[in-house]
Amino acid sequence: MSEVAVVGGGIVGISCALALQSEGHQVTVMEPNTVGEGASWASCGCIAVGEIVPLSQPGMMLKVPGWLLDSEAPLSLRPSSALKLLPWFSRFTANARPSKMRAIASDLARLTFSATADFKAQLQDIGEPEMLIERPVIKLFDDDAANATMGAAFDLARELGCTIDEISGHDAHELDPAIAPDFKYAAVLRDWSYVTDPKRLVEALHQTFLKRGGTVKRVGAVGFDREGRKVQSVKLTDGTEFFADQFVLAAGARSKGLAKDLGVPIRLEGVAGYSTALSDPGVELKHTIFYPKGGFGVTPYDGALAVAGTIEFASLDAAPNWNRADVLVRRAHRILPGLKTDVAERRVGYRPFTPDTRPIIGRSHRLDNVQFATGHGQLGLTLAATTARLVADNTAGRRLHVDVKAFSPDRFS
Ligand SMILES: Cc1cc2nc3c(=O)[nH]c(=O)nc-3n(C[C@H](O)[C@H](O)[C@H](O)COP(=O)(O)OP(=O)(O)OC[C@H]3O[C@@H](n4cnc5c(N)ncnc54)[C@H](O)[C@@H]3O)c2cc1C
């Protein structure tokens, strides 16, 4: 069994670390911050099996001027970051053609369709099976226009095997009485489920990893030492090097620079989102609710609620715009009229997004002992356990349950 270094302790990195540890490897995670504090804590907590239609949609380029001007819109582009993001963004919008969208959705479905089973196995392994709430997620629509926009995405998802029922807004209110009764339509996404708190989930994975003998080094990676096709060590911010037999790159939105140092250029940017936990929401929800027009979702936490979402294209060095989090909380009254908004905690997360919305999983043909586990965009929580299974199977030389060619780190060069 070998010594493995995992760079990055988000939901993806810690899941890979646990899976490799279960195979008998000695695993060390390099994480400069608190495990999970990156994008993972800010997540809505959904196992979003049907979230397979890419974020890049036809006609997006025409909307850019509006995004630049309205910093409170559900989708926005920070003017100060626009130039920096341009190369990534033009590739992102180039993927909005129907044929490309179908191919991406179909590739993502191959991963998400095993996500619930992989996630359940992971929760069972750490003794926390009750963290998964197997209830569908509900999306709410005010009018025909909003419903029609989502309709095309729903049709594609259905064609690929997702189960989505359309019901009236009144029926949605009956299912979850806290929901305002006056929505015109609702969609029930039957394949989805949610976790009671992504922060608690990552902490449980982290604690299990430590109890089983894993190590977390509170230090960042700055690069790698390589000889030919083999990486010898990861160079760390404290000036030391960590030597290992195998390496996993799972530094979320910050993976791009490290990949470049490995000689494997990848295209990746962080897409910001915000999450606000409300300590005493005054309403009880049974389902996670999404309001696409407002660009957010509301997830029931243990005894509380979190309002999370928005897509903000802002470079990683841009400071968080907390106003966007506050706007979401105000808008949440539209769907939950009885909501009390005492803020317990606000979180920001940079979703690691590739221009084709596909994650980056597996080995580059240039390196023998490095695996990539990053670029999961809006699906990191959903796909962490599946990615960990693929990384562990790859390390063991077992046949993979999914062909990972479409997720190769080499596809960008
Ligand atoms: C508002 C919001 C809602 C979301 N909702 C959902 C949802 O419902 N379902 C879903 O599946 N996904 C959701 N997501 C997406 C999901 O949160 C991300 O895809 C996921 O967290 C990515 O995990 P990660 O481990 O790759 O990245 P991160 O959680 O960002 O972890 C990367 C880690 O790498 C560390 N790191 C960075 N640089 C270095 C370095 N140089 N050396 C070592 N370590 C480093 C960071 O400190 C960080 O801890 C949501 C995201 C947001 C923002």
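When reading the values below, keep in mind they use all heavy atoms of this one structure, side chains included, and skip hydrogens, waters and symmetry mates. For clarity, every value in this text was computed on a predicted model and none was experimentally measured. Counting starts at 1 for both ligands and their atoms, in listed order.
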*Would you check, one step at a time, whether the test side-chain hydrogen bond (donor to acceptor under 3.5 Å, both in side chains) holds for Tyr350 with Glu269?*
CA-CA 8 Å; Tyr350 292 83; Glu269 291 294 342; over 6 Å; no

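- Judged by a 6.0 Å distance limit and a 45° cone about the ring axis, Arg334 is positioned over the six-membered ring of Phe183.
- Side-chain contact between Phe372 and Ser364 is present, with at least one heavy-atom pair separated by less than 4.5 Å.
- Taking the six-membered ring where the residue is Trp, Phe92 and Phe89 present tilted rings, their angle falling between 30° and 60°.
- Near ligand 1, residues Val7, Gly8, Gly9, Gly10, Ile11, Val12, Met30, Glu31, Pro32, Asn33, Gly38, Ala39, Ser40, Ala42, Ser43, Cys44, Gly45, Cys46, Gly220, Ala221, Ala250, Ala251, Gly252, Arg254, Leu258, Gly273, Tyr274, Gly309, Gly349, Arg351, Pro352, Gly377, Gln378, Leu379, Gly380, Leu381, Thr382 each place a heavy atom inside the 4.0 Å sphere around the ligand atoms.
- Contact check for Thr34 versus His206: no side-chain heavy atoms found under the 4.5 Å cut-off.
- Counting only N and O atoms by type, the side chains of Ser56 and Asn95 include no donor and acceptor under 3.5 Å apart.
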